[in-house]
Amino acid sequence: MFKVLSEDGLARSGELTTRAGIVLTPTFMPDGTRGAVKSLTPEMVYSTGVQVVLANTYHLHLQPGEDTIAKLGGVNKFANRKGPMLTDSGGFQVFSLAKISKITEEGVKFKDPKTGDMIFLSPEKSIQIQMKLGADMIVAFDDVTALDKKGRDRTLEAFERTHRWLERSLAEYQRLTKDMPEKEKPIIFGVVQGGLNKELRKKSLEIVQSLPVGGIAIGGLSVGETKEEMHDMLNFLSEHYDKSPRPRFLLGVGDPVDVRYGIEHGIDMFDCVLPTRNARHGTVWIEGDEKIHLTNERFIQDTSTIDENCDCYTCLEGFSKGFIRHQFKVGEPLAGTLASIHNIRYLERLCESYR
RNA sequence: GCAGGGUUAGUGAAGCGGUCAAACACGGCAGACUGUAAAUCUGCUGGCUUAUGCCUUCGUAGGUUCGAAUCCUACACCCUGCA
């Protein structure tokens, strides 16, 4: 399933075989929460070097529903995507939608912000949905908490629940895949939690690694803690990975500085909304992990491309900062599209340079 | 010509004696964003300067008043009726 091709210190490059194709790591996977990477066609996404796109259980369950997507041929066909797709479990929504959700041992109840309907998600339900969606890689349903002052009080509770839910997720996964040939099974990732508590993190990692999951996901980071705290934890975890050939997936991290740090501390996969969200909001990365605001007045008559060292479609085709700034100012969606292509490519080049 | 209505900061538009440098919206400027309730959100937006401070502003010029964007007079321009 996962082969390490070469190593340099803690960093490594590898080859992950999924039922939808091979993925070279380290890799950055943009989020296409509702099935599409916002403002991009699959061709545009492909042009940036992206191998995997992530979609979300929670959102697709609400609309249009997993049964509909199954009828439409599964997420890959649905999204008209050739490469592998990964679905997130909806666990993150437990955290990000905390205001409208209620957690019990059985699962989580959400109030659909659109319709007001009650939505129930549990480990079993999440896995069932992900299997129906037909994702090539899936994630166990976990309990995520914030790392701000309030959230930290819940660390232990979330840590414990995550493992109970992992066992339930895994049992449901095994039940639903028992008749599938090994090669046809999607890869399931177990999630490590434990907040900023190193003892809990270590224990969590040990628990996840002891189970027959196909990959190790690190969750509960980049949720309110400082960069130093996050890096410190990644550094700590890097001392405790076992030798089993499984990919390590750092959930929700996409700042180039953090991706570099992650790769150099043994992480193989990343997903994040940052490149696309920032892009739609006018911020792009340039050489040196610097960021600039394309909407700034100083670019009004700038004829240069975003980054002369970049080989993305936007830069290669010669779109000037002056042009893109104008499109942003007049609210033309093309601006966000061009910037998204650039930002994703920035992270893909970063990953390629390590590979 | 007569009778009404109007003229407020970059734009639109509140305010109709003090708590008004003047609501709000848009525009402008800057920033935030990390498993997407996010093409979103936040701050600033007369000048000086950053203070419970001063100065200059509400068509123009006068006046009433302790005090006027708010009341009165004249003028200018715009709109609506009647000629």
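Letters A, B, ... are given to chains in the order of the sequence lines, protein chains preceding strands, and every chain is numbered from 1.
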Whole-angstrom distance between [N] and [M], as gauged at atom [atom1]:
N     : M     : atom1 : value
B:A68 : B:C24 : C1'   : 23 Å
B:A21 : B:G53 : C1'   : 14 Å
B:U65 : B:C72 : P     : 15 Å
B:C71 : B:C44 : P     : 32 Å
B:C20 : B:C54 : P     : 15 Å
B:G12 : B:U73 : C1'   : 31 Å
B:A23 : B:U8  : P     : 15 Å

How would you label the contact of A:Gln193 with the nucleic acid (heavy atoms, under 4.0 Å): base, sugar-phosphate, or nothing?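 It contacts base atoms.
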
Is A:Asn56 touching bases, backbone alone, or none of the nucleic acid, heavy atoms closer than 4.0 Å?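 The answer is sugar-phosphate, as A:Asn56 gets under 4.0 Å only of primed atoms, P, OP1 or OP2.
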
Close N/O contacts between protein and nucleotides 28-30 of chain B (under 3.5 Å):
residue : atom : partner  : partner atom : Å
B:C29   : OP1  : A:Arg325 : NH2          : 3.3
B:C29   : OP2  : A:Lys329 : NZ           : 2.6
B:A30   : OP1  : A:Glu297 : N            : 3.2
B:A30   : OP2  : A:Glu297 : N            : 3.4

For A:Leu60, is there any backbone N or O sitting under 3.5 Å from a side-chain donor or acceptor partner on A:Gln63?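 Checking the backbone N and O of A:Leu60 against the side chain of A:Gln63, no donor-acceptor pair under 3.5 Å is found.
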
Quick one, which residues of [range] touch RNA chain B with a heavy atom under 4.0 Å?
range                       : value
residues 338-353 of chain A : none
residues 17-36 of chain A   : A:Asp31, A:Thr33, A:Arg34
residues 88-95 of chain A   : A:Asp88, A:Ser89, A:Phe92, A:Gln93
residues 57-65 of chain A   : A:His59

Which atoms of nucleotides 39-44 of chain B (N or O only) lie under 3.5 Å from a protein N or O atom, and what are those distances?
residue : atom : partner  : partner atom : Å
B:A39   : OP2  : A:Arg280 : NH1          : 2.3

Hey, mind stepping through A:Tyr58 and A:Phe110 against ring-ring contact (aromatic ring centres under 6.0 Å, His included) and telling me if it holds? CA-CA 10 Å; A:Tyr58 172 83; A:Phe110 299 94; 4.9 Å; yes

For B:C58, give its Watson-Crick or G-U wobble partner with both distances under 3.5 Å, or none.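 Partner of B:C58: none found under 3.5 Å.
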
Where the side chain of A:Ser96 is concerned, which of B:A37, B:G35, B:A32 is the nearest nucleotide?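 Closest nucleotide to the A:Ser96 side chain: B:A37.
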
